[in-house]
Structure formats: structure tokens, C-alpha cells
Amino acid sequence: MNKRRPQFRYALGLGLSLLTWATATPKATATTLPATNGLRFQTSGPLRCANIGDWYTTNGSSGGGACNGAATTSTDRLHRFVVDITPEMITAMGGSVTVRVEDAESTGAIDEVSGASDPTRFQLRTADGNTVLQTQTVNSGSPNNTTVTFTITTAGTYQITSETGAGPIFGDNTTGLNNDDNSFRINIPDAPGLPPSFQGIIGQYQGSVQHNQGGTLTIPFYFLVGPGINSLFLRNFDIDNRGTLTYTRPNGSTITGTSSGNGRWNNGGNLNTGGDTISGLTLSEAGLWGLRVNNLSSNNQMIVEANTGTGDRLVLYNEPPTRAGDFTITPDTTLSTTVGVAVDHPFTVTNEFLTTDIINLNPVGTNANYTVQLLDASGNVLMDTDGDGQLDTGILSPNQTQNFILRVTPLAGASTTDVTEIQAISFMDQRVDPTNNKTLSITKTTTLPPPKLVLVKRITAINGNRDFNPNDNTVLNQFVDDVTTNDNEAGWPSNYLNGAFSGGLVRPGDEIEYTIYFLNAGGRPAFEVTICDRIQPFQTFKPIPFTANGDAEFQLGTSAVIPLTAANDSSDRAQYVLPNAAIPSECNLSAPNGNGTFVLNLTGGAGTDMPNLPNLPNSTGAGAPNNSYGLFRFRTTVDE
């Protein structure tokens, strides 16, 4: 089984720099966030006004510069960042990667401190943000440029959360310890020797940034829109009408966005509502979008969000991402079947990316004389839903697992083994970076068991009576289950194996009819099949006609009964070998039989009264095909 490195719900984020919009080959994502000098994340204490630019963690704003008790509707009062660490990084860095939060205290000149500095708590959490793994608390009065670190030893996606103020951290609501802004940066070291697609990425899920350098700053952001997303809701908060917004579609065309006022969301919004809606998206617009803040003035803290129309938050980038889709496909399987009988190889595909995705599936390497079909779990044929010429999973939601089937059918002449590889590739990967995306694969191996000739021998008549033994009334015309499993092969037709394996009492001179039933219950046709049956002691082969000119009889499936001669002649492929005479080598018997041997070549060519049967096909079901089973009969007499 091949699988990609796991990623989870908040797998990607933003970096900030002075780049302009580009749709060319993706660049390596910066490992310091924000990357531009003079730009910092800034988490505000709960007693700060929202119109300073932090809607998530502060109480409220009048929109005019002073708090008036109006409350924000934010219920998740944390800033959330995401870091994604690859297995290649863990290996290259000697088994662990250290994430650094630089300038983590709220004491320095770029922090906005009122009175005593506020404490700040940073936590490393699981990808969904629900479980705290490590906690680092920077207490009030900690020295400027304090750095806290988190050590990660297992590859994957993690959240880092930030909250400032003694109230949320210690339950101490003292005003002077809950009214600061704390500015910081987050850093992941580059792993030496690794290409950008294997380096760590870091981004913001919800938070605010502060522009502190002089002059204006243009900041490009990027976000990924998955297939099936019909509309977007793009928001910015507290830009103070000192910057403009531009949105860029995957095809490069642009849309002019609206800019927010003081303590408000954009598009004429208020403290809690507002934003730009882009509706009517089609599949062609899935991929990489841009959201650029143009000419943002200095000393300005603000928020930028990208959301789907249904309210799902989209994480922002500031350089085109080197990874866009992430999924697993599993498992490899090996299953057996028989010629003509389909076998269903199950497999699952899981979308482990933060956006919707479509996974294209391409079966390759199938051997000649095998056919394959890709089906959903209900047996419906998969379609090409994204119009790229390949069958696919259809749209998978984030973290959704879907079950599928590769149906393999061996045809006549099939080799003993087929190995079909299912190649899988992400629609989002191809949309964002057509040249560098990854192809995952699993293998489905189908084997054909060897031929399996099953023989069942029964006594079917005594003295010409096929219903019962006239000597003691032993029943001869019903199915009797032997202790062997030969009676129970699935290929036997219902009620086909009539007769008794213990025929009851016989007397010298009595005539016994034996029927030998044959079936190829294996996985592929049998060639050069010969049945050799030794006549039992104290019995003598009796060449009396069953039908005209026949010393025995033969029937293939439900076809016509054919008479056989005991002579070794060209009229059929049967012969009776006299007692102690040489037995044909194909019988593979150690020595001649003192009572003689009846030999029947089941397989053979035309030119006789028997059917042309170059091989004995394997059974594909009860009584199918008609020439996969049959019988022959002969008679003996009990010696005096």
C-alpha cells in the first residue's frame, strides 16, 4: 500500500511578504510567519477595544475609537495558527523539529502595553485544535524578545493557539493585566537539502496582523477553493479604509473587493457582520485564488478572512502552496477467482485535505484476457465527474472516506495472475501545480487457482434397476452426502449426484452399474484430462449395450448421451484395458490391474463421435458452463 503523509483539517495557512499575485510555478512557502520586517501577528487582551483591529479576542467597539460595551459575537477567543511537519523534515532534522515563537512576551516596543505587561499563553494542539499537547506561558514582566519553543517528533499537522491576558489564562481580571497587544512571529527551521514540497509550512487560521513599518504595504494572500464550492464570503476587519482589496480568480481575472472601516467588517458591515459574496462558482474556478491587500497604511492592525458561502473557514497563504491535495488510498489486496467469474477488490479513498477534492483513479497494467471496472460500493460504474477524461471518486468532503471496488474478470485464456495498479491523483494538486503533483498507487492482484478435477463415483443400478437394489431394497436414486467434500462443490448442478456409495447386498452373477461424475472445480481450464478407473476385485467388466453399439455411455453436462465402445478405436476416446495388460501412461498408475481398467480421455479433438473438447473448462457456477461437468457409466458382473 502506498499512502501520502497525513494532513488534517487546518493543514495550511498564510505567510506574509511583499510578493505580487502569481500563477506560475509555486514557490517554497516561507517558514517564518510573518516573513516581512515590521509585520507581526498581534493578539489583544480581552479588555482592548475591537476597533484596534482584533475582533476575535476583545470585548467590543463603538466604531469611533472607544469601547462602549458592544460585544463581538466571537465565541472562539483564541488566535489559531497551523504548522505542518513532513516525515522528511523529521528525518532530516535528526528526529524532531523545533517550532519557535519569537518575541512571545508583551513587553517590547512593538507590543502595545498599558501599565504592566500582560501574560500570554501559547499551546501546541492536535490538528483539530481540541487536544492540548504542550503549553508555554509567558508571564507578566518577562524580558523583551523572550522565545518559547515546541518540539515536534511526529510528522503531521498541529495547531498553535495564542491568548493574551491574565483573565483567560489565570482567571485574574485585573484591568492592567488584560489590556495589552502582544506582537510575535512563528518560525520553523528549513530542513537542509529538502525541496520546498517537503519543507514545513505555517499559517494562520484566525488572527490579526499589525503593520508597523513606515509607508504602505501590499500583501498578497492565497487560498484554495475545492470542487463543489459554489460561493465565497471574503471578509476584512478594521482596515480603516486605508487600503484596498483585490480578489483574483484561478484564471487570473480580478474582482475589486470592498475595504472595511474602523471597527467594522467590509461591504458596509458593522462590528459583527459584513463581507463580500462571490457566487455562481463553477468547477473551472476551483483551485488557487488570490486576496490582496493593496497599499495598507502603517500602524494598522487588521484581519483578513476567506470563507466558503456555507461558513467553512479557508486558510490563507501568501505564496502559492507547494501542496494542494492530500489523500490516502488503501489497501493492496490479493484475491482468487476462476475464469469467467468476477472478483471485487475493495479499496477506500480518504480526503485528508482541508478543502473538498476529487481523486482521479486510473487502473493500469492489467494483463491480457482480464477486464477491470471501477465501481462504487454499491456496484455502480464510476464516472468522469470533472471532465478530464479519467474516472474519479466524485467530490469528497474534507476527512471523508469513501469505499470503492475494482471488479476484475478473467476471460478464457487468462494467465494465472493479474496485477492491476490503481493510480490515484488529486484534482486539487493538478489544478494548483500540474507538473509536480504526486501519484499514489495500490496494487490489486487476482490469481487463478489451478484446475481441480473432482470425481464422485456412485452405484446407480443393480440388475438394471436404478431405483433400488432388488436384493435388499437399498435406495439407489437419491443424493447421498459422502464424507468427502467432493459432493459439495458449488459447480455441481442441483440433484445431479444420484446414486449410492454403498449399494447393499449382491450375489454372484448380479450386474452392477457404476456412474463416475466429473467436474472441474478449479480456477482455470484443465488440459489432457484422462480418467482411469480400475475394475474392483471379484468383478468383471461387462460390455453390454446401453444404447446402440455402446459398451458404456458418456454425457457432457446436459448434452446428448453418447455411446462408448470398449475397443481402442477411433470411434471414441474410451477403451477397456484387459486384466494385466499395459495401462496407458497418462493413467499414471503403478501397475496393471488384475481385473482390468476402464480408460476415458475426456479432452481431445474432433474426428470421433465424442464432442470436440480441447480442455475441460472450469466451473463458474452450478452447472455452468455446460461442458465443465459430466458423467460416464459402465457395468460389471459379480464373479461366480
Side-chain angles (χ1 to χ4, degrees), residues 1-6 87 325-352 357-384 389-394 396 400-426 429 437-454 485 489-491 519-527 615-622 624-625 628:
M1 174 187 70
N2 298 310
K3 65 178 294 184
R4 228 172 162 173
R5 174 184 51 80
D326 198 6
F327 66 96
T328 58
I329 179 171
T330 185
D332 299 334
T333 54
T334 298
L335 297 174
S336 294
T337 186
T338 59
V339 171
V341 177
V343 62
D344 288 349
H345 290 268
F347 65 98
T348 63
V349 179
T350 301
N351 177 17
E352 295 187 336
D357 205 350
I358 297 171
I359 309 303
N360 288 313
L361 302 172
N362 182 30
V364 298
T366 304
N367 290 342
N369 296 321
Y370 281 81
T371 63
V372 295
Q373 283 184 301
L374 286 169
L375 312 172
D376 65 19
S378 299
N380 301 310
V381 176
L382 294 190
M383 308 296 289
D384 175 16
Q390 289 194 345
L391 303 181
D392 57 59
T393 62
L396 298 178
Q400 181 182 1
T401 296
Q402 198 80 354
N403 296 316
F404 300 94
I405 293 168
L406 178 75
R407 179 167 291 170
V408 181
T409 305
L411 307 177
S415 58
T416 59
T417 302
D418 168 69
V419 179
T420 296
E421 180 182 32
I422 303 176
Q423 296 179 345
I425 190 168
S426 159
D429 245 355
N437 48 68
K438 297 179 181 179
T439 298
L440 307 185
S441 65
I442 54 175
T443 57
K444 300 296 186 180
T445 303
T446 304
T447 61
L448 294 179
K452 178 183 178 182
L453 187 64
V454 174
T485 60
E489 293 288 350
L519 168 72
N520 181 2
R524 55 184 187 268
F527 294 83
N615 61 73
L616 185 66
N618 57 288
S619 173
T620 60
S628 64

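Just so you know, these numbers come straight off a predicted model, no measurement behind them.
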Residues Leu448 and Gly523: closest non-hydrogen pair is CD2-O, 3.7 Å
Going by atom types only, do Glu421 and Ser441 share a side-chain donor-acceptor pair under 3.5 Å? yes
Residues which pass side-chain hydrogen bond (donor to acceptor under 3.5 Å, both in side chains) with Asp392, listed by chain and number, not counting sequence neighbours: Thr385
Pairs involving residues 358-381, ordered by first then second residue, that meet salt bridge (Lys or Arg N to Asp or Glu O under 4.0 Å) (sequence neighbours left out): none
Distance col, row Asn403:CG vs Thr348:OG1, nearest 0.5 angstrom, shows 6.5 Å
Qualifying residues under side chain to side chain contact (heavy atoms under 4.5 Å, CB included), relative to Leu391, sequence neighbours excluded: Leu374, Leu382
If we ignore hydrogens and angles and just use 3.5 Å, is the side chain of Ser378 paired with the main-chain N or O of Asn380 as donor and acceptor? no
Straight-line distance of Asp429 CG to Asn360 CG, nearest 0.5 Å: 11.0 Å
Enter the distance from Lys444:NZ to Asp332:CG here, rounded to the nearest 0.5 Å. 7.0 Å
Who pairs with Thr338 by side-chain hydrogen bond (donor to acceptor under 3.5 Å, both in side chains), at least two apart in sequence or on another chain? none
Can you list every salt bridge (Lys or Arg N to Asp or Glu O under 4.0 Å) pair that touches residues 400-409, not counting sequence neighbours? Asp344-Arg407
Contact check, side chains of Pro525 and Val339, non-hydrogen atoms, under 4.5 Å: yes
So does Lys452 pair up with Glu489, basic N to acidic O under 4.0 Å? yes
Can a donor-acceptor pair be found, under 3.5 Å and without considering hydrogens, that links the side chain of Asn362 to the backbone of Gln423? no
Which residues pass the side-chain hydrogen bond (donor to acceptor under 3.5 Å, both in side chains) test with Gln400, sequence neighbours left out? Gln402
Under 3.5 Å, sequence neighbours excluded: what are the donor-acceptor pairs made by side chains of residues 409-418?
| residue | atom | partner | partner atom | Å |
| --- | --- | --- | --- | --- |
| Ser415 | OG | Thr417 | O | 3.1 |
| Asp418 | OD1 | Asn367 | N | 2.7 |
| Asp418 | OD2 | Thr420 | OG1 | 2.8 |

Heavy atoms only: give me the nearest Gly325-Asp357 pair and the separation to one decimal. CA-OD2, 3.8 Å
For Thr445 and His345, which I'm curious about, is there any donor-acceptor pair between the side chains at under 3.5 Å? no
Sorted by chain and residue number, the side-chain hydrogen bond (donor to acceptor under 3.5 Å, both in side chains) partners of Ser336 (sequence neighbours excluded) come out as Thr447
Nearest heavy-atom pair of Ile329 and Ala424: which atoms, and what distance? CD1-CB, 4.0 Å
For a quick test of reading the model, state the closest non-hydrogen atom pair linking Pro346 to Leu335 and the distance between them. CD-CD1, 4.4 Å
Report yes if some heavy atom in the side chain of Gln373 is under 4.5 Å from a heavy atom in the side chain of Val381; otherwise report no. yes
So, taking the atom named CZ in Phe327 and the one named CG in Asn351, what distance separates them when rounded to the nearest 0.5 Å? 9.5 Å
Taken in chain and number order and not counting sequence neighbours, the residues that satisfy side chain to side chain contact (heavy atoms under 4.5 Å, CB included) with Pro625 are Pro617, Thr620, Asn627, Ser628
Taking side chain as C-beta onward, heavy atoms only, is Pro451 less than 4.5 Å from Arg524? yes
Minimum heavy-atom distance Phe347-Ile442, with the two atoms named: CB-CD1, 3.7 Å
Got a sec, which residues hit side chain to side chain contact (heavy atoms under 4.5 Å, CB included) with Thr393, two or more places apart in sequence or on another chain? Val349, Ile358, Ile359, Leu361, Leu396, Phe404
Val341 backbone acceptor or donor facing Thr337 side chain under 3.5 Å: yes
